[in-house]
Amino acid sequence: MKVKIVLNGKTREDEINSDQLLIDYVRSHGCYSVKRGCETSNCGLCTVFLDGKPILSCSLLTARADGHRVETLEGLQKEAEEFGAFVADQGAEQCGFCNPGMIMNAIALFRENPDPSEEEIKEYLAGNLCRCSGYEGQLRAIKQFLEYRRRGGESCE
Amino acid sequence: MRVVSQPVRKKDAMALVTGKPVFMDDLAPKDCLIVKVLRSPHANANILSVKTDVALKVPGIEVIYTWEDVPQERFTMAGQTYPEPSPQDRLILDRHVRYVGDPVAIVAGENEACVDRALRLIKVEYEVLPAILDFHQAMDNPILVHPEDNWVVLCPVGADNQRNLCASDESHNGDVDAVLKDCDVVVEGTYHTKANQQAMMETFRTACYMDAYGRLNIFSSTQIVFHVRRILAKALGIPKSKIRVMKPRIGGGFGAKQTVVAEVFPAFVTWKTGKPSKMIFTREESQVASSPRHEMEVTVKVGAMKDGRIRAMDVYTLSNTGAYGEHGPTTVGLSGHKSIPLYGSLEAHRFAYDVVYTNVMSAGAYRGYGATQGIFAVESAVNELADRLGMDPVELREKNMVREGQVMPAYYGEQTNSCALDRCLERAASMIGWKDKHPCRDMGNGKVRSVGIAMAMQGSGIAAVDVGSATIKLNEDGSYTLLIAAADMGTGCDTILAQMAAECMECSVEDIAVLGADTDSSPYDSGSYASSTTYVTGKAVERACAQLKERILEVAGEMLETSAEKLVFAGDRVETLDQSASVSLAEVGFKSMVGNNHALQVTESNSSPLSPPPFMAGAVEIELDKETGHVEILDYAAVVDCGTVVNPNLARVQTEGGLAQGIGMTLYEDIQYDDKGRLRNNSFMQYKVPTRLDTGRMRVEFESSYEESGPFGAKSIGEIVINTPAPALAHAIFNATGLWFKELPITSEKIAMGILERSKNAEKTPF
Ligand code: FES
Ligand code: FES
C-alpha cells in the first residue's frame with residue numbers, strides 16, 4: 001500500500017507492506033535513533049512523536065501514520081543536544097541504548113509541563129526502561145536542565 | 001591529579017544522547033541475510049528427523065542447516081581464557097536437544113517474513129525424553145543431560161558428565177566442625193536465588209561478512225572480541241587467522257555478552273554461503289535462550305560466641321548450570337570465596353560446592369558472578385545471628401569484619417592491602433540514620449518503616465589469568481590514539497582509560513582518541529569482565545604511556561642534538577633540563593614521519609598476580625505495607641571503596657545501576673518454569689525489570705583506600721555494586737515483619753502471605 005508521511009519535516013511517499021510497523025519504517029529511512037528493546041510495549045525505547053505526541057512506534061502500523069507527522073530524535077537534534085548535555089554531565093547515558101526513547105519522552109514532558117515535580121517526572125517517564133543507570137542520574141539531569149531553563153538558559157553552575 | 005578523579009564526560013556521550021547510529025544494527029551491512037533458529041519445544045529430546053524440503057521452497061530462503069551439517073567437535077560458548085574451565089559440551093546444532101529453546105535448525109533468508117515462514121514449515125520428529133527440571137534431583141540421576149562420549153573438560157574442575165556434574169570441589173581452613181561445636185550460637189540457613197536475566201536493553205546480535213582477503217568478519221555486540229575469535233574458530237573448525245572480530249558501541253552487557261550467545265549462527269551462515277548475514281535476538285529469545293545468572297542454593301552455618309565473636313563459617317553451594325556448562329565451574333567459586341572473607345575474625349571455614357546440569361536454559365556470567373548469591377546468604381545469616389545474639393548488626397560487623405592488612409584464607413590467602421570497609425560501614429549506617437531507625441517504626445497506618453544493612457566485596461580481574469593491553473601512538477599533530485580490546489559496554493572504560501592516558505601524557509582527554517575493540521588492530525586483551533578493565537587494562541595504559549614518553553624523548557633528543565637523559569617531557573613539548581631549548585609535541589609527531597627510525601607507538605600488557613577486592617556497605621530504609629506486602633524503598637545509602645575513584649560520575653552511576661539491578665533481583669525479577677520446562681517469564685511483561693517508580697532514592701558515596709598495585713591506586717567497581725540489595729532488603733523486611741525470606745524474589749505477594757500465615761498460626765496457638 002501507499003503512505004504519505006511527514007517524517008522529520010520532509011514529506012515522503014512510500015510503498016509499504018500493510019503489516020509494517022512504524023519502527024521499521026522510520027529505521028528504513030535512516031532514523032536509527034529509534035531502538036527496539038522488547039516486543040510487548042514495555043520498554044519505551046521506540047518512542048517517536050506522532051503529530052507531536054509521544055507514541056510507541058513498535059506498536060503502531062505504518063499505515064496508521066498515513067497523512068500524519070512523525071518525528072524522531074534525528075529531527076530534534078537541537079533539543080536533544082541541549083538536554084542531552086545534562087545527561088552527559090551526569091554520566092547517566094551509560095550504554096545509551098535507552099537514551100533516544102527517554103529523551104524523546106523527556107522533551108514531550110518539557111513541552112507539556114514546563115515545571116514538573118519529581119513525582120510527575122517519574123510518572124511521565126515510567127514507561128522508559130533503563131537497565132544501566134538506576135534512573136537517578138537521569139533524574140538529576142532533568143532537574144538540572146529544568147533549573148537551567150528556569151534561569152533562562154544560563155548555566156546553573 | 002589533573003584528569004584522573006575528575007568527573008569527565010564520557011567520550012561517546014553526545015553521540016549517544018543525540019541518537020547517532022553507533023550500534024550494531026545501525027551499522028551492519030544493509031544486504032544481510034536474516035538468520036534465525038528453530039528452537040526445541042521439549043526440555044530433553046533426540047531429534048529423529050528434520051524435514052526442510054517445504055521450508056526451503058519459500059521464496060527468499062537461502063539455506064537451512066540442521067545437526068547433520070555442522071562440525072562435530074564440542075566447544076564451550078563461555079568467554080574465558082583458554083583452556084576454559086567450562087566443559088566443552090556444545091555443538092552449533094546438536095541431535096540431542098537439552099532445554100526448551102535449544103537450537104534445532106538455522107534458517108537464513110532475504111527478509112524476516114520469509115525466514116519466519118520457513119521456520120513454521122520445518123517438520124521435526126522428536127523422541128521426547130524425561131527431563132531433569134529440579135536441580136536438587138540432578139546429581140547421580142539416571143537421566144543424563146550429557147551422555148555423549150565426546151564431552152570433554154580441559155581443566156580439573158571436578159566435572160563428571162556421567163553424574164550430571166559440571167564441577168565440584170571443597171576447600172577449608174582449620175577444623176570448622178570442631179569450632180562450630182564450640183560456639184555458643186550457630187545460625188544455619190539455606191538461601192535460594194534464581195536464574196535472573198541481565199536484560200540489557202540491546203538484545204544479543206551479530207552481523208558477519210567476508211572481506212577482500214577471504215576472511216570472516218564478525219561485527220558483534222560482545223564484551224570479548226578475542227575469546228569470540230577463538231571460540232568461533234573451534235566451533236566452525238576453521239583457523240583463527242581466518243577470523244576477525246570487532247565490536248561497535250554495546251547496548252549493555254552485564255556479563256551476558258561474555259558468552260558467545262548469538263555469534264555462532266550467522267558466522268556459520270556467512271562462512272558457508274559467503275554472504276553477509278545478521279542475527280538479532282528477539283527479547284523473547286534473550287529471555288529463554290541466553291546466558292543468565294546461575295540459580296544457586298547456598299547453605300550457610302555461622303558460629304559465634306555470646307559476646308559476638310564470629311568464629312566459624314561453613315558454606316555449601318548447589319549451583320544450576322542448566323543444559324550447558326558456561327561459567328558453571330567458576331561462578332560457583334565466588335559464592336564462597338567472595339563472601340566468607342568479609343569476616344576477618346574466623347578461626348575456621350569450609351566451602352564446598354556442586355554444580356549440576358539440568359534441562360533448563362544454560363546459565364552464564366552476570367554481574368556479581370556468584371558473589372551476589374553467596375553474599376545474599378552469608379550477609380543474611382549474619383543479620384540473623386545478630387538478631388539471635390540480641391546485638392546490633394552494625395556492631396556485630398564492626399567486631400568481626402575484615403580489616404586492612406589481614407590475610408584472607410578464604411580468598412586464596414591474599415592480603416587486603418587496601419580496605420576501607422570499616423569506613424564504608426560506618427558511613428552507610430550514619431547516612432541512613434541507623435541508630436535512630438533500627439530496627440523499625442510502626443507508622444500507625446498499617447505501614448512499618450524499617451532498615452536493613454549488608455556488606456559486600458568482589459575482585460578486580462582474575463589474578464594471574466586476565467591480560468590487559470594497551471597500544472598508544474603519537475600522531476603528527478601531537479594527539480594520541482589509544483588502542484584497546486577492553487570493551488566499553490556503557491561502563492565508560494574508553495573514557496576512563498583515556499583519562500589515565502591523559503594523566504600520564506599530561507594532556508587532555510580530548511587529545512586521546514580511543515579505538516576498540518578489533519582483533520586485527522587492538523592488542524590482546526581478555527576482554528571486559530570480572531571487574532578487570534580499570535585495574536588490569538588501566539595498568540597496561542600506564543606502562544604503555546611511560547614507554548612512549550621515553551621514545552618521544554629519543555626522537556626529541558635527535559632533533560635537539562642532545563641525549564634523552566638531558567630532556568624532560570612537558571606535555572605539549574619536550575625541553576632541555578635547563579629549558580634553553582624545546583620542541584613541540586607536534587614537531588616530534590611530524591618528525592616521526594620523516595626520516596625516522598623509532599616507532600612512536602608502544603604496546604604494553606599487564607597481568608596481575610593479585611585481585612584486590614573492592615568493598616562496600618549498603619543500608620536501606622523501606623516502608624512496608626502489612627496489608628499488601630508492598631515494599632517501598634525510601635532511601636538506599638551505598639558507600640563504596642573501589643580504591644581511587646577514576647571518574648566520580650561514572651562510578652556513581654555504575655553504583656546506582658548496580659543497586660537498581662540488585663533491587664530488581666530482590667523484589668521483582670522472577671524465573672518460573674512450568675512442568676514441561678518452559679520459561680514463563682519470557683517477556684518484559686512477565687519479567688519485571690524495575691522502572692523508575694520502583695527503585696527509590698539512592699545516595700552513593702565513596703570511602704577510598706589506595707591500592708598500590710592498581711593504576712593510580714584504583715581497584716574495581718563494575719560488579720560489587722549489585723551485591724548488597726538482596727541481603728539488605730531481606731534484613732529490612734525482617735525488621736518490618738519478623739519474617740526471614742530466604743528465596744528471591746521477595747515479592748509483595750510472598751510477604752503478604754507470610755504475614756497472613758503467621759497470624760493464622762498465632763490464632764491456632766494462643767499464648
Ligand atoms: S520496543 Fe519496547 S516498547 Fe516499543
Ligand atoms: S543507559 Fe543502558 S539501558 Fe539506559
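The model shown is predicted, which means the values in this text are computed figures rather than measured ones. Heavy atoms only: backbone and side chains are in, while hydrogens, waters and symmetry mates are out. The sequence lines fix the lettering, A, B, ..., with proteins before strands; numbering per chain opens at 1.
- For B/L693, the part sitting under 4.5 Å from any heavy atom of chain A is the side chain, from C-beta outward, and nothing else.
- The backbone N or O of B/T18 lies less than 3.5 Å from a partner atom in the side chain of A/Q77, making a donor-acceptor pair.
- For residues 126-141 of chain A, the interface with chain B (any heavy-atom pair closer than 4.5 Å) comprises A/A126, A/N128, A/L129, A/R131, A/C132, A/S133, A/G134, A/Y135, A/E136, A/G137, A/Q138, A/R140, sorted by residue number.
- Most heavy-atom pairs under 4.5 Å with chain B, from the set A/S33, A/A80, A/G37, A/C31: that is A/G37.
- Annotation for A/C43 and B/F684: closest pair CB-CD1, 4.4 Å, computed over non-hydrogen atoms.
- Side-chain contact between A/E81 and B/V17: absent, with no pair of heavy atoms (C-beta onward) separated by less than 4.5 Å.
- For A/R27, the part lying under 4.5 angstrom from a heavy atom of chain B is the side chain only.
- The parts of B/R697 that come within reach of chain A are both its backbone and its side chain, each placing non-hydrogen atoms under 4.5 angstrom from that chain.
- When atom types are taken as modelled, the side chain of A/E39 and the backbone of B/E284 share a donor-acceptor pair closer than 3.5 angstrom.
- For a residue to count as touching a neighbouring chain, one of its non-hydrogen atoms must lie under 4.5 Å from one of that chain's; by this rule A/L125 touches chain B with backbone and side chain alike.
- Counted within 6.0 Å of CZ on B/R117, heavy atoms from surrounding residues, nucleotides or ligands total 12 or fewer; the atom is thus considered open.
- Here B/A651 pairs with B/V645, B/F702, B/I717 under the side chain to side chain contact (heavy atoms under 4.5 Å, CB included) rule; sequence neighbours left out.
- The side chain to side chain contact (heavy atoms under 4.5 Å, CB included) check on A/S59 picks up A/S41, A/L56, with sequence neighbours excluded.
- The side chain to side chain contact (heavy atoms under 4.5 Å, CB included) search around B/K688 returns B/Y668, B/T691, B/D694, not counting sequence neighbours.
- Contact detail for B/G252 and A/C95: the closest heavy-atom pair is N-CB, 3.4 Å.
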Next on the checklist: Determine whether B/D26 and A/K35 satisfy the following criterion, salt bridge (Lys or Arg N to Asp or Glu O under 4.0 Å), listing intermediate values before the conclusion.
Outcome noted: CA-CA 9 Å; B/D26 309 337; A/K35 304 286 194 251; 2.8 Å; yes
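- With a 4.5 Å cut-off on non-hydrogen atoms, A/M102 touches chain B through its side chain but not through its backbone.
- In the displayed structure, A/E112 atom CD is contacted under 6.0 Å by more than 12 heavy atoms of other residues, nucleotides or ligands.
- The contact between B/M489 and chain A is made entirely by backbone atoms, counting heavy-atom distances below 4.5 Å.
- When heavy atoms are compared at a cutoff of 4.5 Å, A/E79 does not approach chain B at all.
- Using a 4.5 Å cut-off between heavy atoms, B/M698 contacts chain A through both its backbone and its side chain.
- Contact annotation for B/P690: both backbone and side-chain heavy atoms come within less than 4.5 Å of a heavy atom of chain A.
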Next on the checklist: side chain to side chain contact (heavy atoms under 4.5 Å, CB included), that's the test. Do A/L45 and B/M201 meet it? Break it down for me.
Outcome noted: CA-CA 8 Å; A/L45 266 61; B/M201 285 297 127; 3.9 Å; yes
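- Neither the backbone nor the side chain of B/R249 comes within contact range of chain A; no heavy atom of the residue lies under 4.5 Å from a heavy atom of that chain.
- At a 4.5 Å heavy-atom cutoff, the contact between B/T282 and chain A is made by backbone and side-chain atoms alike.
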